[in-house]
Amino acid sequence: MQNIADNLGKIHLQIRAAEANAHRAAGSVTLLAVSKTQPASALREAYAAGQTAFGENYLQEALEKIESLSDLKILWHFIGPLQSNKTRKVAENFAWVHSVDRLKLAERLSEQRPGHLPPLQICLQVNISQEQSKSGCAPESVIELARAIQPLPNITLRGLMAIPQATNNPQEQQQAFHALAELLKSLQNEFPEMDTLSMGMSGDMEMAIAEGATIVRIGTAIFGARQPR
Ligand SMILES: *Cc1c(COP(=O)(O)O)cnc(C)c1O
């Protein structure tokens with residue numbers, strides 16, 4: 001990989017093209033830079049190139065970067081699996097959480113969100129490919145979860161997130177994105193504030209945008225291959 005600024009420039013062009021192909025407004029898709037395992041210096045480089053939203057998966061690693069990059073105006077998104085005994089630091093340090101898949105997490109995040117911060121923006125993670133042993137709420141349980149979470153005071157329910165099962169079959173991939181988009185549509189009458197579809201990664205961003213993604217979560221295509229943790 002050459003440099004992060006070049007990669008970001010290319011991805012922005014690809015996003016614009018995918019928006020146009022899908023007859024969607026330019027700027028309707030937000031790029032979230034997934035920076036797990038990357039050093040703070042790489043995030044600083046991306047920030048200098050105009051990237052302000054970063055997604056992190058591992059809390060301890062994220063907190064170290066948040067501390068060392070506190071001079072920058074970064075919008076931090078938590079996108080990894082979340083244990084309920086780790087919610088406080090997430091509530092205190094992040095703007096968004098994409099991986100809420102049960103009520104208890106949302107209750108704790110709401111309770112622990114500091115009063116001087118705006119409400120925490122939440123996506124419900126859906127196990128859209130119905131995989132065994134995968135995090136995410138079952139698609140048929142999402143509406144119940146949304147109803148329980150919506151009244152909580154210090155969080156705003158913004159939408160749905162999924163990591164579809166890896167597949168080499170583009171049609172299967174598309175069906176998974178489509179199913180998540182349909183699920184969001186089915187919720188929007190009752191929950192008009194749910195406007196976010198967090199789906200699509202480096203390998204399938206275009207297809208996710210064609211199916212309605214509003215946030216794409218891109219790591220490898222920006223920062224290069226990750227070192228094993
Ligand atoms: C790592 C990760 C990504 C980014 O994946 P890439 O293939 O590197 O773009 C997106 N979403 C989640 C939840 C991730 O854990």
Side-chain angles (χ1 to χ4, degrees), residues 1-15 18 29-40 42-43 45-46 49 51-63 65-66 74-83 86 90 94-102 105 121-131 133-137 158-168 170 172-174 176-177 180-181 184 196-229:
M1 282 276 162
Q2 334 80 357
N3 89 60
I4 290 171
D6 286 352
N7 294 341
L8 281 167
K10 278 185 209 147
I11 294 163
H12 281 296
L13 291 176
Q14 288 166 354
I15 290 175
V29 177
T30 299
L31 173 58
L32 180 63
V34 175
S35 45
K36 61 172 178 244
T37 78
Q38 303 298 338
L43 283 75
E45 207 178 319
Q51 181 64 34
T52 53
F54 290 86
E56 289 282 340
N57 295 58
Y58 310 110
L59 184 56
Q60 197 48 47
E61 179 198 328
L63 293 174
K65 284 182 235 179
I66 290 170
I74 289 178
L75 213 54
W76 293 100
H77 292 232
F78 192 82
I79 63 172
L82 185 52
Q83 294 162 275
K86 301 260 177 76
V90 172
F94 287 81
W96 283 72
V97 181
H98 294 226
S99 45
V100 173
D101 61 0
R102 52 198 192 276
L105 286 179
Q121 308 295 299
I122 298 275
C123 290
L124 304 181
Q125 184 174 352
V126 183
N127 185 0
I128 200 70
S129 310
Q130 313 244 32
E131 291 172 87
S133 77
K134 190 70 180 285
S135 39
C137 168
R158 289 297 301 276
L160 303 179
M161 178 273 231
I163 311 169
Q165 183 168 28
T167 167
N168 293 323
E172 261 174 42
Q173 189 74 7
Q174 183 170 11
F177 290 143
L180 193 72
L184 181 69
T196 301
L197 264 183
S198 167
M199 62 185 193
M201 312 199 290
S202 294
D204 53 24
M205 178 183 89
E206 272 98 353
M207 190 183 277
I209 292 172
E211 293 299 333
T214 66
I215 298 180
V216 289
R217 307 180 309 265
I218 308 296
T220 310
I222 299 174
F223 297 107
R226 284 179 287 276
Q227 304 294 327
R229 249 177 117 233

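Order of appearance sets the numbers: ligands from 1, and atoms from 1 within every ligand. What you see is a predicted model; the values in this text were computed from it and never measured.
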* To do: Keeping the roles fixed (side chain from D101, backbone from G136), state whether a donor-acceptor pair exists under 3.5 Å.
  =>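 Indeed, once roles are kept as given, a pair shorter than 3.5 Å links the two residues.
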
* **Any donor-acceptor N/O pair, E172 side chain to Q165 backbone, under 3.5 Å** =>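 Between the backbone of Q165 and the side chain of E172 there is no qualifying donor-acceptor contact (under 3.5 Å).
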
* Asked: Any idea which of Q125, H98, K36, M201 brings a heavy atom closest to atom 10 (C) of ligand 1?
  ->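 Going through Q125, H98, K36, M201 one by one, M201 has the nearest heavy atom to atom 10 (C) of ligand 1.
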
* **Per atom 7 (O) of ligand 1, closest listed option by heavy atom (I218, T220, V216, I222)** =>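 It is T220 whose heavy atom sits nearest to atom 7 (O) of ligand 1.
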
Please state which protein non-hydrogen atom is closest to [atom] and give its distance, to 0.1 Å?
atom                    : result
atom 9 (O) of ligand 1  : S202 OG, 2.5 Å
atom 13 (C) of ligand 1 : I163 CD1, 3.6 Å
atom 11 (N) of ligand 1 : R217 NE, 2.8 Å

* At a 4.0 Å threshold, what atoms of ligand 1 neighbour a non-hydrogen atom of N57? ->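 So the answer, numbered in order with elements, is 14 (C), 15 (O).
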
* Asked: With atoms numbered from 1 as shown, which atoms in ligand 1 lie under 4.0 angstrom from a non-hydrogen atom of G219?
  ->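 Every atom of ligand 1 under 4.0 Å from some heavy atom of G219: 4 (C), 6 (P), 8 (O), 9 (O).
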
* Between Q125 and I163, is a side chain to side chain contact (heavy atoms under 4.5 Å, CB included) present by the stated rule, with each step listed? -> CA-CA 8 Å; Q125 184 174 352; I163 311 169; 3.8 Å; yes

* For residues Q173 and T167, is any side-chain donor paired with an opposing acceptor at under 3.5 Å? ->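 Per modelled atom types, Q173 and T167 side chains form no pair under 3.5 Å.
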
* Is there at least one pair of N or O atoms, one from G203 and one from ligand 1, spaced under 3.5 Å apart? ->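 No, G203 has no N/O under 3.5 Å of an N/O on ligand 1.
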
* Asked: Partners of F78 by ring pair (Phe, Tyr, Trp, His ring centres under 6.0 Å), sequence neighbours excluded?
  ->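 Only F94 meet the ring pair (Phe, Tyr, Trp, His ring centres under 6.0 Å) criterion with F78.
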
* Does the distance from a Lys or Arg side-chain N to an Asp or Glu carboxylate O, for K36 and E61, drop under 4.0 Å? ->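 Between E61 and K36 there is no salt bridge, as every charged N stays at least 4.0 Å from the carboxylate O atoms.
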
